[in-house]
There are 2 protein chains.
Amino acid sequence: MFTDEAMSAVFHALAHESRRQILDILKASPGCPVGEIARQFDVSRIAVMNHLAVLEKAGLVTSEKRGRTRHLYLNAVPIRMIQERWMDDYSEQFAGRLTSLKQMAEAAVQQKDKDNG
Amino acid sequence: MFTDEAMSAVFHALAHESRRQILDILKASPGCPVGEIARQFDVSRIAVMNHLAVLEKAGLVTSEKRGRTRHLYLNAVPIRMIQERWMDDYSEQFAGRLTSLKQMAEAAVQQKDKDNG
DNA sequence: TAAACATGTAATTACATAATTACCTATTTG
DNA sequence: CAAATAGGTAATTATGTAATTACATGTTTA
């Protein structure tokens, strides 16, 4: 299962650059301890721990304590589920329908004008 | 281009169920006016307009004013870019490496225990 | 042209986020 | 065992989010 609330938690977790960086680190070094991650950021260790808590609530990170060190792991399952159940549906709009293609091209131009204006 | 800030804006926009519902509506009915969307929600019209502003800032929705009505369109480009540049990298973890597969299975069990406990 | 309609702006409020410092607990290790 | 190490809690603060009501603006249409 994958409730709306769970999906919100995942998107919210991904909506912060530091948290995305943490996932990058864990992807590259599974089992990395908390302190080693904190050392790679300019903000305080506590701030990083808060980010980790957000990631854990979203199910994107799991942890395992050995002795006094907590080892962290990326869990890509929620990302996979979002991609399968949601992203694919929206990306579809690119292929397939010609009707929406014209409309989306126009929309993209409008957005560009808005950004530059 | 697609900056960290832009990516944060997109994820943040997607992190609210009402905003995801708005995208669903616009996917089904391109050009839908503001009021018609607002009528489909329990919250106030102003609240819906705020959600639309968040979606527009993220580039997920564009609009075009004809007369007194503003017509809204889904723009799936940012979703597509996120999927290509980010989601795919993380979903990869499922295929390919057997080392991380064992680790992720264990992590998933741990997460399940945590949720039920 | 007056009323109805569609949207937009301003001010306000309750709550959540992201960060900080100071302190506490548990585990190694010299 | 004492000191260093790794992590966790608590209290606080500034800022951002999500929602509200009341009012204003511009556009059809009867």
Side-chain angles (χ1 to χ4, degrees), chain A residues 4-23 25-26 29-73 110 114 117, chain B residues 4-23 25-26 29-73 110 114 117:
Chain A
D4 289 337
E5 214 179 337
M7 193 140 86
S8 293
V10 174
F11 279 127
H12 170 247
L14 296 176
H16 196 290
E17 172 59 16
S18 300
R19 289 195 287 262
R20 292 194 297 270
Q21 283 177 20
I22 289 174
L23 296 185
I25 293 169
L26 294 181
S29 352
C32 186
V34 173
E36 199 169 314
I37 290 178
R39 250 171 270 127
Q40 302 184 47
F41 288 87
D42 286 338
V43 296
S44 71
R45 181 179 55 90
I46 311 302
V48 171
M49 281 183 48
N50 287 337
H51 285 312
L52 286 171
V54 170
L55 289 166
E56 287 196 81
K57 270 184 194 165
L60 288 164
V61 163
T62 56
S63 66
E64 172 197 7
K65 196 157 190 173
R66 284 201 300 272
R68 63 183 166 181
T69 60
R70 204 171 121 223
H71 298 270
L72 301 163
Y73 301 93
Q110 281 174 29
K114 202 172 290 175
Chain B
D4 289 338
E5 214 180 337
M7 193 140 85
S8 293
V10 174
F11 279 128
H12 170 246
L14 296 176
H16 195 290
E17 172 59 16
S18 300
R19 288 195 287 261
R20 292 194 297 271
Q21 281 177 20
I22 289 174
L23 295 185
I25 294 169
L26 293 182
S29 352
C32 186
V34 173
E36 198 171 316
I37 289 178
R39 250 170 271 129
Q40 303 186 46
F41 289 87
D42 286 338
V43 296
S44 72
R45 180 180 56 89
I46 310 300
V48 171
M49 280 185 47
N50 288 336
H51 286 311
L52 287 171
V54 170
L55 289 166
E56 287 197 81
K57 271 183 193 165
L60 288 165
V61 164
T62 56
S63 66
E64 172 198 8
K65 196 156 190 172
R66 283 202 302 272
R68 63 182 168 183
T69 59
R70 205 172 119 221
H71 298 270
L72 302 161
Y73 301 93
Q110 282 174 28
K114 201 171 290 175

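Throughout, protein chains are lettered first and strands after them, A, B, ... in sequence-line order, and every chain is numbered starting at 1. Quick caveat: nothing in here was measured; it's all calculated off a predicted structure.
Take E17(B) and apply the side-chain hydrogen bond (donor to acceptor under 3.5 Å, both in side chains) test, not counting sequence neighbours, and it matches R20(B), Q21(B). Remark: A9(B) engages A58(B) in a side-chain contact (heavy atoms from CB on, under 4.5 Å) (not counting sequence neighbours). Residues that satisfy the side-chain hydrogen bond (donor to acceptor under 3.5 Å, both in side chains) test with H71(A), not counting sequence neighbours, are R66(A), T69(A). Shown here are the side-chain contact (heavy atoms from CB on, under 4.5 Å) partners of A53(A), two or more places apart in sequence or in another chain: there are none.
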Legend entry - Footprint string (nucleotides 24-30 of chain D, 5' to 3'): B base within contact, S backbone only, - free, heavy atoms under 4.0 Å: --BBS--
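Atom CG of N50(B) and atom C1' of dA16(C) are 16 Å apart (whole Å). Here dG8(C) presents its C1' atom at 12 Å from CD of E56(B), a figure rounded to the nearest Å. Rounded to whole Å, the distance from CG on L52(A) to P on dT17(C) is 16 Å. For I37(A) and dG7(D), the CD1 to C1' distance is 13 Å, given to the nearest whole Å. Here the P atom of nucleotide dA18(D) and the CG atom of D42(B) are 17 Å apart, to the nearest Å. Rounded to whole Å, atom P of dA6(D) lies 10 Å from atom CD of E36(A). As rounded to whole Å, 15 Å separates atom C1' of dA26(C) from atom CZ of R70(A). Between the C1' atom of dT17(C) and the CZ atom of F11(B) lies a distance of 18 Å, rounded to the nearest Å.
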Name the pairs: protein N/O against N/O of nucleotides 10-17 of chain D, kept only if under 3.5 Å.
none

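Comparing atom distances between the K65(B) side chain and each of dT20(D), dG8(C), dG8(D) picks out dG8(C) as nearest. With dT20(C), dA19(C), dT21(D) as the candidates, the nucleotide lying closest to the side chain of S44(B) is dT21(D). For M49(B), whose side chain is taken as the heavy atoms from C-beta onward, the closest listed nucleotide among dT20(C), dG7(D), dT7(C) is dT7(C).
Distance check, rounded to the nearest 0.5 Å: CD of E56(A) to CG of L72(A) gives 6.5 Å. The distance from the CE atom of M7(A) to the NE2 atom of H12(A) is 15.5 Å, given to the nearest 0.5 Å.
Minimum heavy-atom separation, Y73(B) to L26(B): C-CD1, 4.1 Å. Contact record, L60(A) with L14(A): CD1-CD2, 3.9 Å, taken as the closest heavy-atom pair.
For residues 37-54 of chain B, the side-chain hydrogen bond (donor to acceptor under 3.5 Å, both in side chains) pairs, not counting sequence neighbours, are R19(B)-H51(B).
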